[in-house]
Amino acid sequence: MDNTVTWFEVATDDPDGAQRFYGGLFGWSVAPSDTDVMDYRMITYPGGERPSGGIFNTKGEFPSHAVFHVQVADVEVACAQAESLGGKVVHKVVDDGAGTDFAYLHDTSGNLFGVFHPRS
C-alpha cells in the first residue's frame with residue numbers, strides 16, 4: 001500500500017484528554033501500543049479489525065497537531081524527494097529499534113504531514 005494514506009495521528013501533550021474526546025465523539029477505542037520507546041496509543045474504529053491511527057504523547061516537545069501519514073517504500077528516499085520538490089524535513093527517525101521508520105515533513109505551503117515505512 002505504498003504511496004497511500006494509511007495512518008493518522010493526533011499528537012498532544014494531553015493524551016488522556018484526547019482519548020476521552022475522540023473516544024466519546026466517534027466511539028474510537030484506544031489501547032497502548034506495544035512499544036517501550038514512546039507513549040503511543042493505538043486507535044481502532046468501531047467494528048474495525050485493526051488500528052487505523054494513533055495518539056502520540058508529545059510531552060510538550062512538539063506542537064499539538066492532527067496529521068495524516070503516507071506509507072512509503074523508503075523514508076530516506078521520500079525525504080530526499082520532498083526536499084527536492086521544495087518541501088522540508090521537520091523530524092526524521094530511521095532504524096530506532098521501534099520497528100517503523102518515519103518522518104514529519106512540511107509541504108511547500110508549510111502543511112505538516114508524515115511518511116512512514118514499517119520494518120516488519
Side-chain angles (χ1 to χ4, degrees):
M1 303 239 330
D2 288 342
N3 300 322
T4 60
V5 175
T6 58
W7 195 257
F8 73 92
E9 177 178 86
V10 176
T12 177
D13 60 358
D14 181 15
D16 293 330
Q19 184 171 328
R20 281 189 306 276
F21 177 80
Y22 288 105
L25 183 61
F26 299 122
W28 295 349
S29 61
V30 180
S33 69
D34 58 1
T35 180
D36 295 329
V37 178
M38 66 181 85
D39 178 3
Y40 201 89
R41 303 167 190 202
M42 310 302 275
I43 297 170
T44 303
Y45 300 137
E49 295 179 16
R50 62 179 177 78
S52 298
I55 297 174
F56 168 50
N57 184 358
T58 66
K59 299 180 183 177
E61 296 174 10
F62 301 98
S64 293
H65 61 270
V67 65
F68 68 88
H69 292 267
V70 177
Q71 182 173 327
V72 296
D74 187 300
V75 169
E76 295 275 14
V77 169
C79 287
Q81 187 174 12
E83 288 180 321
S84 76
L85 293 167
K88 179 182 176 188
V89 176
V90 177
H91 183 75
K92 178 172 55 174
V93 176
V94 176
D95 198 15
D96 70 348
T100 302
D101 297 337
F102 67 92
Y104 292 105
L105 308 170
H106 279 156
D107 66 14
T108 55
S109 295
N111 296 305
L112 184 71
F113 69 99
V115 295
F116 77 100
H117 177 78
R119 290 184 160 270
S120 52

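These numbers come from the heavy atoms of this one structure, side chains and all, not from hydrogens, waters or symmetry mates. Owing to the predicted nature of the structure, the values given are computational and were not obtained by experimental measurement.
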> Can the ring centroids of His91 and Phe62 be said to lie less than 6.0 angstrom from one another?
Replying inline: yes
> Is a side-chain N or O of Thr12 found less than 3.5 angstrom from the main chain of Asp14, in a donor-acceptor match?
Replying inline: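 A pair under 3.5 Å: yes.
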> Can any side-chain N or O of Ser109 pair as donor or acceptor with the backbone N or O of Asn111 at less than 3.5 Å?
Replying inline: no
Can I get a per-line list of side-chain donor-acceptor pairs under 3.5 Å for residues 37-56, giving both atom names and the distance, sequence neighbours left out?
from  : atom 1 : to    : atom 2 : distance (Å)
Asp39 : OD1    : Arg41 : NE     : 3.2
Asp39 : OD2    : Arg41 : NH2    : 3.3
Asp39 : OD2    : Asn57 : ND2    : 3.1
Tyr40 : OH     : Trp7  : NE1    : 2.9
Tyr40 : OH     : Glu9  : OE2    : 2.9
Arg41 : NH1    : Asp16 : OD1    : 2.7
Arg41 : NH1    : Gln19 : OE1    : 2.9
Arg41 : NH2    : Asp16 : OD1    : 3.2

> In Å and rounded to the nearest 0.5 Å, what is the CZ to CG distance from Phe113 to Leu105?
Replying inline: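 So the CZ of Phe113 and the CG of Leu105 are separated by 4.0 Å.
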> Heavy-atom distance under 4.5 Å between the side chains of Val115 and Tyr104, does that happen here?
Replying inline: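 Side-chain contact under 4.5 Å: no.
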>> Applying side-chain contact (heavy atoms from CB on, under 4.5 Å) to Leu85 and Thr108, what does each step give before you reach the verdict?
In response: CA-CA 8 Å; Leu85 293 167; Thr108 55; 5.7 Å; no
> salt bridge (charged side-chain N to carboxylate O under 4.0 Å, His left out) with Asp34: which residues, sequence neighbours excluded?
Replying inline: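 In terms of salt bridge (charged side-chain N to carboxylate O under 4.0 Å, His left out), with neighbours along the sequence ignored, Asp34 is linked to no residue.
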> Under a single-linkage definition using a 4.5 Å side-chain heavy-atom cutoff for Ile, Leu, Val, Met, Phe, Trp and Tyr, are Met1 and Phe116 assigned to the same hydrophobic cluster?
Replying inline: no
> In terms of side-chain geometry, is the basic nitrogen of Arg119 or Asp101 positioned less than 4.0 Å from the acidic oxygen of its partner?
Replying inline: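 Salt bridge between Arg119 and Asp101, a charged N being under 4.0 Å from a carboxylate O: yes.
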>> Once you measure the plane-to-plane angle for Trp28 and Phe8, does it fall in the parallel (<30°), tilted (30-60°) or perpendicular (>60°) bin?
In response: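 It falls in the tilted class, 30° to 60°.
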Can you give me every donor-acceptor pair (side chain of residues 67-81, partner residue at least two apart or in another chain, under 3.5 Å) with its distance?
from  : atom 1 : to    : atom 2 : distance (Å)
Asp74 : OD1    : Glu76 : N      : 2.9
Asp74 : OD1    : Val77 : N      : 2.9
Glu76 : OE1    : Lys92 : NZ     : 2.9

